[in-house]
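Step one of this worksheet: look at the structure below.
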Amino acid sequence: MNYRHAFHAGNFADVMKHIALARVIEHLKLKDKPFRFIDTHAGTGLYDISGDEAERSGEWREGIGAVLDDGKLAPFQASPGSNLAGLLEPYFNVLRELNGATQDESRGLRYYPGAGELARRLMREDDRLVLNELHPDDGAALRQRMFRDERVRTLQLDGWLAVKSLLPPKERRSVMLIDPPFEQVGEFARLEQALSDAIARFATGTTMIWFPIKAGGASDAFLKRMAQSGHTRLLAAELLIRHRDTPQGLNGAGLLIHNPTYGLDQQLELILAWLSRQFGQSAGAGSNVRWLAGE
Ligand SMILES: C[S@@+](CC[C@H](N)C(=O)[O-])C[C@H]1O[C@@H](n2cnc3c(N)ncnc32)[C@H](O)[C@@H]1O
């Protein structure tokens, strides 16, 4: 396990994934019943972007750094009349709170929340979080960070097995994020299996799968197979920062969502179109949101 998320925290792919997650959580909060958030590959839950790893890679600068106004965590402004500001508010409020910017408007970004810390700050008293991370050091950091919060359970299991063992949730309402590092061959096949497992264990939960878009067409082939898988209620969202076949590097990021919360398709259309303008590095940048399989 060589991958360490500290190098990538706050990059464009994190921003996309975390804004989408915040939208799902906000929707689940509309009902008075508790729900559970499960992150099968959770990282450390919180990152210091002034730290050595984030500074060395600098990825956050072209991610969250590119959407902040002059580096400051000012309240988010969007074009008048657009719904965008309201959709982004919960995510930006967590960033502001975490960095002390709600008291001091001039504060910039130092701490970037992983999915765990983001969810923890958005969730209510009776909601529950299960954060699983296999790497011994990152797992220990996660536990250290979260143990004071009684709503959170941290685990150090193989995330692919955790998909099965953590479902169905006691609350009968859940969102599961499956966000592997893609450092081994076969991750797309594992994701397919994981989605089938999740659906078999708890068909009505929301499952969010993250995947990279690189040259070679592996992500296109994955989506094609998923469209033919027989699973229903599958939404795919892609964000490209340059043309999808640019030879090296991460050209974009995608989310495949089973049982998306109501209205998420339209929300993501707005959000990703805006993000592609913030992050876009060339004419090939853009976004698309489409149903692979409906009801
Ligand atoms: C992309 S990062 C996760 C980021 C996190 N989900 C978030 O949004 O903040 C992927 C994580 O998976 C962990 N990991 C790798 N293989 C794993 C496995 N088999 N089971 C659980 N975690 C694993 C890595 O150590 C890494 O921290």
Side-chain angles (χ1 to χ4, degrees), residues 1-25 36-49 51 53-54 57 59-60 63-64 91 94-95 98 109 111-123 129-146 152-167 174-191 193-194 197-198 206-214 219 237 239 250 252-257:
M1 293 177 73
N2 292 320
Y3 180 96
R4 309 301 297 275
H5 196 65
F7 288 95
H8 311 288
N11 70 3
F12 77 91
D14 252 10
V15 174
M16 170 205 192
K17 163 176 66 189
H18 293 150
I19 292 177
L21 176 65
R23 290 313 321 155
V24 171
I25 290 178
R36 185 171 291 231
F37 168 60
I38 302 165
D39 190 350
T40 59
H41 297 70
T44 64
L46 178 69
Y47 301 89
D48 179 351
I49 57 159
E53 295 95 336
S57 83
E59 284 185 28
W60 70 270
I64 187 62
Y91 169 80
V94 169
L95 257 64
L98 191 59
L109 183 76
Y111 297 107
Y112 184 80
E117 183 65 16
L118 177 71
R120 197 177 76 79
R121 285 176 180 259
L122 291 174
M123 289 169 77
L129 285 85
V130 181
L131 305 176
N132 179 67
E133 166 59 46
L134 188 60
H135 192 289
D137 296 346
D138 286 0
L142 180 71
R143 194 166 49 251
Q144 183 60 27
R145 195 150 278 148
M146 301 287 170
V152 187
R153 186 153 64 107
T154 54
L155 299 169
Q156 224 173 310
L157 308 171
D158 179 354
W160 301 113
L161 301 177
V163 171
K164 282 199 270 192
S165 63
L166 297 176
L167 291 175
S174 64
V175 51
M176 175 178 264
L177 174 64
I178 308 179
D179 183 19
F182 277 84
E183 63 177 355
Q184 287 172 3
V185 284
E187 291 300 58
F188 278 111
R190 276 186 208 98
L191 284 175
Q193 183 60 48
D197 290 343
T206 296
T207 305
M208 297 177 71
I209 284 176
W210 182 88
F211 61 88
I213 303 176
K214 293 183 170 181
S219 63
L239 173 66
L250 190 62
L255 290 171
L256 175 69
I257 307 160

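Both counts, for ligands and for their atoms, begin at 1 and track the order of listing. Not measured: the values here are computed from a predicted model.
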Item checked: Identity and distance of the protein heavy atom lying nearest atom 10 (C) of ligand 1 -> D179 O, 3.3 Å
Check: Is there a donor-acceptor pair closer than 3.5 Å between any side-chain N or O of Q156 and the backbone N or O of E133?
Finding: no
Note to self: Working to the nearest 0.5 angstrom, can you tell me the gap between L166 CG and L155 CG?
What the structure shows: 6.0 Å
Check: Counting from 1, what ligand 1 atoms have a heavy atom of K17 closer than 4.0 Å?
Finding: 8 (O)
Item checked: side chain to side chain donor-acceptor pair (under 3.5 Å) partners of Y91, counting only residues at least two apart -> Y112
Check: Which atoms of ligand 1 sit under 4.0 Å from any heavy atom of D158?
Finding: 18 (C), 19 (N), 20 (N)
Check: Hey, is ligand 1 close enough to P180 that some N/O pair sits below 3.5 Å?
Finding: no
Checklist line | Distance-only N or O hit between ligand 1 and H5, under 3.5 Å | finding: no
Notebook entry, point to check: Nearest to atom 8 (O) of ligand 1, what protein heavy atom do you find, and at what distance?
Noted result: H18 NE2, 2.8 Å
Notebook entry, point to check: Side chain of R145, backbone of T44: donor and acceptor closer than 3.5 Å?
Noted result: yes
Notebook entry, point to check: So, does T40 use its side chain to make a donor-acceptor pair with the main chain of L177 at under 3.5 Å?
Noted result: yes
Margin query: Can you report which non-hydrogen protein atom sits closest to atom 11 (C) of ligand 1, along with the distance?
Written below: E133 OE1, 3.6 Å
Check: Quick one: does L157 get within less than 4.0 Å of ligand 1, heavy atoms only?
Finding: yes
Next item on the list: Enumerate the atoms of ligand 1 whose separation from the nearest heavy atom of G159 is less than 4.0 angstrom.
Entry: 18 (C), 19 (N), 20 (N), 21 (C)
Item checked: Nitrogen or oxygen of H135 less than 3.5 angstrom from that of ligand 1 -> no
Next item on the list: Give the residue, atom name and distance (to 0.1 Å) of the protein heavy atom nearest atom 14 (N) of ligand 1.
Entry: M1 CE, 3.6 Å
Notebook entry, point to check: Between the main-chain N or O of V175 and the side-chain N or O of T206, is there a donor-acceptor pair closer than 3.5 Å?
Noted result: no
Check: Given P113, which of L122, D14, V94 fulfils the side chain to side chain contact (heavy atoms under 4.5 Å, CB included) condition?
Finding: V94
Note to self: Just to be sure I read this right, does ligand 1 sit under 4.0 Å from the backbone of H8, its side chain, both, or neither, counting only heavy atoms?
What the structure shows: neither
Margin query: Geometry only, no angles: is E183 polar-contacting ligand 1 at N/O separations under 3.5 Å?
Written below: no
Margin query: Using heavy atoms and a 4.0 Å limit, tell me yes or no: is T40 in contact with ligand 1?
Written below: yes
Item checked: Per-atom contacts of ligand 1 with G114, taking only distances under 4.0 Å to non-hydrogen atoms -> 9 (O)
Next item on the list: Would you mind listing which atoms of ligand 1 come within a distance below 4.0 Å of any non-hydrogen atom of G43?
Entry: 27 (O)
Check: Is it true that a side-chain atom of N11 and a backbone atom of E59 form a donor plus acceptor pair closer than 3.5 Å?
Finding: no
Notebook entry, point to check: Are there more than 12 heavy atoms of other residues, nucleotides or ligands under 6.0 Å from atom CZ of R153?
Noted result: no
Margin query: At less than 4.0 angstrom from any non-hydrogen atom of A42, what atoms of ligand 1 do you find?
Written below: 5 (C)
Checklist line | Contact partition for H41 relative to ligand 1, non-hydrogen atoms under 4.0 Å | finding: both
Notebook entry, point to check: Which residue supplies the protein heavy atom nearest to atom 7 (C) of ligand 1, what is that atom called, and how far is it?
Noted result: A115 N, 3.4 Å
Notebook entry, point to check: Taking non-hydrogen atoms only, is A9 closer than 4.0 angstrom to ligand 1 via side chain, backbone, both or neither?
Noted result: neither
Check: Sub-3.5 Å donor-acceptor pair from the side chain of S174 to the main-chain atoms of M176, do we have one?
Finding: no
